[in-house]
Amino acid sequence: MLPETLSKIEQRVRNADSITPQQRTELLALLATLKVEVSQLSDTHHDEAQSIAGFTAVSAHEATRDARNPELMQLSLQGLSHSAGGFEKSHPRLVEVVNSIATMLANLGI
């Protein structure tokens, strides 16, 4: 289920008309890194990895919608950030990538 969720996020980003080609490229690169990091996390913390993937999907959906809802965008980004909380020491790269994705998606929602 985890690989499927991440593939759906990538597909949504590829098909989003509301982002520039440069933003698309950058976001897809971050998602590729996230895929590796979440896969590693999933070996020991499957539920948490699922939460991170799920909140990433919701956040990407909200950021790439034609009619954006700032409140829903903010809530989804908060969920994404909180879902990676607590892994700063054990999975610092994961937290860094999640924070980069959250920042980029927040900037798309402006």
Side-chain angles (χ1 to χ4, degrees):
M1 185 164 164
L2 188 60
E4 181 181 314
T5 300
L6 294 170
S7 293
K8 285 181 180 180
I9 297 168
E10 289 173 338
Q11 191 63 35
R12 176 148 187 101
V13 169
R14 279 189 193 95
N15 294 332
D17 292 330
S18 59
I19 60 177
T20 68
Q22 180 182 355
Q23 291 169 324
R24 181 176 291 108
T25 299
E26 185 178 345
L27 192 50
L28 288 171
L30 287 170
L31 289 171
T33 303
L34 179 66
K35 188 181 281 189
V36 171
E37 295 298 321
V38 165
S39 176
Q40 292 172 356
L41 179 67
S42 181
D43 292 340
T44 56
H45 297 87
H46 182 74
D47 288 340
E48 289 84 353
Q50 280 295 127
S51 290
I52 292 168
F55 278 113
T56 303
V58 171
S59 297
H61 170 79
E62 292 302 327
T64 59
R65 287 174 48 171
D66 289 332
R68 293 182 182 132
N69 181 321
E71 185 178 345
L72 290 177
M73 183 70 211
Q74 186 63 31
L75 288 171
S76 67
L77 291 173
Q78 286 174 352
L80 176 57
S81 293
H82 288 296
S83 68
F87 292 106
E88 292 88 357
K89 291 183 182 178
S90 62
H91 294 82
R93 181 71 178 135
L94 170 70
V95 174
E96 179 185 326
V97 170
V98 166
N99 288 337
S100 294
I101 290 171
T103 299
M104 182 168 189
L105 292 175
N107 290 338
L108 292 177
I110 295 175

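Here, residue 1 is the first one in the sequence, and each next residue gets the next number.
Checked by atom type and distance alone, the side chain of S59 pairs as donor or acceptor with a backbone atom of S76 at under 3.5 Å. Checking side-chain atoms of T64 against main-chain N and O of V13 turns up no donor-acceptor pair under 3.5 Å.
Legend: residues meeting salt bridge (Lys or Arg N to Asp or Glu O under 4.0 Å) with R12, ordered by chain and number and at least two apart, are absent. For the side chain to side chain donor-acceptor pair (under 3.5 Å) test, no residue two or more places apart in sequence or in another chain qualifies with T56. Looking at residues two or more places apart in sequence or on another chain, you find no side chain to side chain donor-acceptor pair (under 3.5 Å) involving Q22. In terms of the side chain to side chain donor-acceptor pair (under 3.5 Å) criterion, S81 has no residue partners (sequence neighbours excluded). Applying the side chain to side chain contact (heavy atoms under 4.5 Å, CB included) criterion to E71, with sequence neighbours excluded, gives N69, L75. With sequence neighbours excluded, no residue forms a side chain to side chain donor-acceptor pair (under 3.5 Å) with R14.
Listed by first and then second residue, the ring-ring contact (aromatic ring centres under 6.0 Å, His included) pairs that reach into residues 4-34 come to none, sequence neighbours excluded. Residue pairs meeting the ring-ring contact (aromatic ring centres under 6.0 Å, His included) criterion with at least one member in residues 47-77: none, sequence neighbours excluded. Legend: side-chain hydrogen bond (donor to acceptor under 3.5 Å, both in side chains) pairs involving residues 39-50, not counting sequence neighbours, sorted by first then second residue: S42-H46. Here salt bridge (charged side-chain N to carboxylate O under 4.0 Å, His left out) pairs that include residues 87-105, with residues two or more places apart or in two chains, are R93-E96.
L27 is listed as a side-chain neighbour of L105, based on a closest heavy-atom distance under 4.5 Å.
The cluster map of Ile, Leu, Val, Met, Phe, Trp and Tyr, joined by side-chain heavy atoms under 4.5 Å apart, puts L2 and L41 in the same cluster.
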_Before you tell me yes or no, could you show the steps for L34 and I9 under side-chain contact (heavy atoms from CB on, under 4.5 Å), namely the whole-Å CA-CA distance, both residues' side-chain angles and the distance that decides it to 0.1 Å?_
CA-CA 11 Å; L34 179 66; I9 297 168; 5.7 Å; no
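Heavy-atom neighbours of D66 CG from other residues, nucleotides or ligands within 6.0 Å: at or below the threshold of 12.
When all heavy atoms of S90 and P92 are compared, the closest pair comes out as C-CD, 3.6 Å.
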